[in-house]
There are 2 protein chains.
Amino acid sequence: MNTNTNFIEKLRSSGLRPTKQRIKICEALFDRNETFHFTINDLAKTIEEKLNEKISLATVYNTVHAFKKKGYLKEISINSDKSYFDTNTSVHHHFFDEDTNELIDCNQENIDSINIKNNITGKKINSVEVLIKVASDYQNQK
Amino acid sequence: MNTNTNFIEKLRSSGLRPTKQRIKICEALFDRNETFHFTINDLAKTIEEKLNEKISLATVYNTVHAFKKKGYLKEISINSDKSYFDTNTSVHHHFFDEDTNELIDCNQENIDSINIKNNITGKKINSVEVLIKVASDYQNQK
DNA sequence: TTCTATATTATAATTATTCTAAACTGTTGA
DNA sequence: TCAACAGTTTAGAATAATTATAATATAGAA
């Protein structure tokens, strides 16, 4: 409940009404020790199975997008079948394990800093993402 | 027609039957001076409007995937609403213009080489992709 | 030419995501 | 405390990209 008070504060201070659903989603996302990499479905399943709460999918989508807009989540672009999100919003990169479809953080220190010598004229760089696709050594990749 | 002979050769030598449709798709993709960045819809539209040919969408999908598997196309991961492909299969990276939804090549020399200090144990790196999202300087990004 | 494996096609099915419009709820202020 | 209203949630419909299906057509070998 102490954490919940924090979530309520966090929501209110970012101009989001602290509704029952949003607080639950905060719990599912931020009440953990490790970074959480998830798809909308993963999150919905977590809420349903771990928190015994049924939240409409539309709300899960809305909330995740609201949180992303507020900077509490990052969206990661992988194979374009679905969206992946990350509770780690610091600058960092990702491994994507093609065997298991799992995302793994790759912190900045693991890659020399990326210096783009020439940017597109008149445009501002919003993000630089590095995605490293890996798979078992022994098997052929599709 | 000289190019078509080349396409037929290329197809046959990679174990793909040189069908009317595949040859047309080769024309649409490879008969150009510049790299082509496209979605399936872009390609279908090109074939219909520029080459006056109507090829079933399923065939366009099948062929693009076959070409990707053979290494003639690269798939680029951006916002997960649709897939983007690239006729430039050399190692290079991309700018993505969020104002226009346009992909722009970013050749390797524009970025210092990316050195991953620690890879995931037991896995092989299949690809390293850098995606630089840009947008107009003056406007707020979503 | 005939045969067969491979391709193509229209269409249906599937999946992720967004939209809609009605019902519900936090918050404000009387 | 409570009315009012804007902001939220919801189920379900709509949309869009992609894949599956199964019938028809075709390339290439014999």
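Numbered from 1 within each chain, the chains take letters A, B, ... in sequence-line order. Since we're looking at a predicted model, the values are computed, not measured. Worth knowing before you read on, the calculation uses all heavy atoms, side chains too, and leaves out hydrogens, waters and symmetry mates.
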For the pair made of [atom1] in [X] and [atom2] in [N], what is the distance, rounded to whole Å?
X: A/E9; N: C/dG26; atom1: CD; atom2: C1'; value: 15 Å
X: B/I8; N: C/dA7; atom1: CD1; atom2: P; value: 15 Å
X: A/L16; N: D/dG7; atom1: CG; atom2: P; value: 12 Å
X: B/K68; N: D/dT19; atom1: NZ; atom2: P; value: 10 Å
X: B/K82; N: C/dT15; atom1: NZ; atom2: P; value: 21 Å
X: A/N62; N: C/dC19; atom1: CG; atom2: P; value: 10 Å
X: A/R12; N: D/dA6; atom1: CZ; atom2: P; value: 20 Å
X: A/N41; N: C/dT15; atom1: CG; atom2: C1'; value: 10 Å

Check your understanding: Mapping B/R17 and B/I40 onto DNA chain D by nearest heavy atom, which one lands closer to the 5' end?
Key -> B/I40
Revision key, fill the gap. Of B/D81 and B/K20, the one whose nearest nucleotide on DNA chain D sits closer to the 5' end is B/D81
Is the distance from OP1 or OP2 of [N] to the nearest side-chain N or O of [X] less than 4.0 Å?
X: A/T19; N: D/dT9; value: yes
X: A/Q21; N: D/dT10; value: yes
X: A/R22; N: D/dT9; value: yes
X: B/Y61; N: D/dT19; value: no
X: A/H65; N: C/dT17; value: no
X: B/T59; N: C/dT9; value: yes

Exercise for review: Mark yes or no: B/K10 above the aromatic ring of B/F67, with NZ or CZ under 6.0 Å from the six-membered ring centre and no more than 45 degrees from the axis.
Suggested key: no
Review point. Does A/K45 count as lying over the ring of A/F38, i.e. NZ or CZ under 6.0 Å from the six-ring centre, within 45 degrees of the axis?
Key: no
Exercise for review: Any chance you could lay out the side chain to side chain donor-acceptor pair (under 3.5 Å) test for A/N107 and A/H92, step after step, and finish with the verdict?
Suggested key: CA-CA 5 Å; A/N107 56 21; A/H92 68 290; over 6 Å; no
Check your understanding: With sugar-phosphate meaning primed atoms plus P, OP1 and OP2, does A/S83 contact a base, only sugar-phosphate, or nothing at under 4.0 Å between heavy atoms?
Key ->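 If one applies the 4.0 Å heavy-atom cut-off, A/S83 turns out to touch the sugar-phosphate alone, with no base involved.
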Review point. So do the side chains of A/S14 and A/Y72 get within less than 4.5 Å of each other, counting heavy atoms only?
Key: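 Answer yes - side chains close enough.
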Practice item. With sequence neighbours left out, write down each residue that passes side chain to side chain donor-acceptor pair (under 3.5 Å) with B/S13, or none if nothing qualifies. Key: none
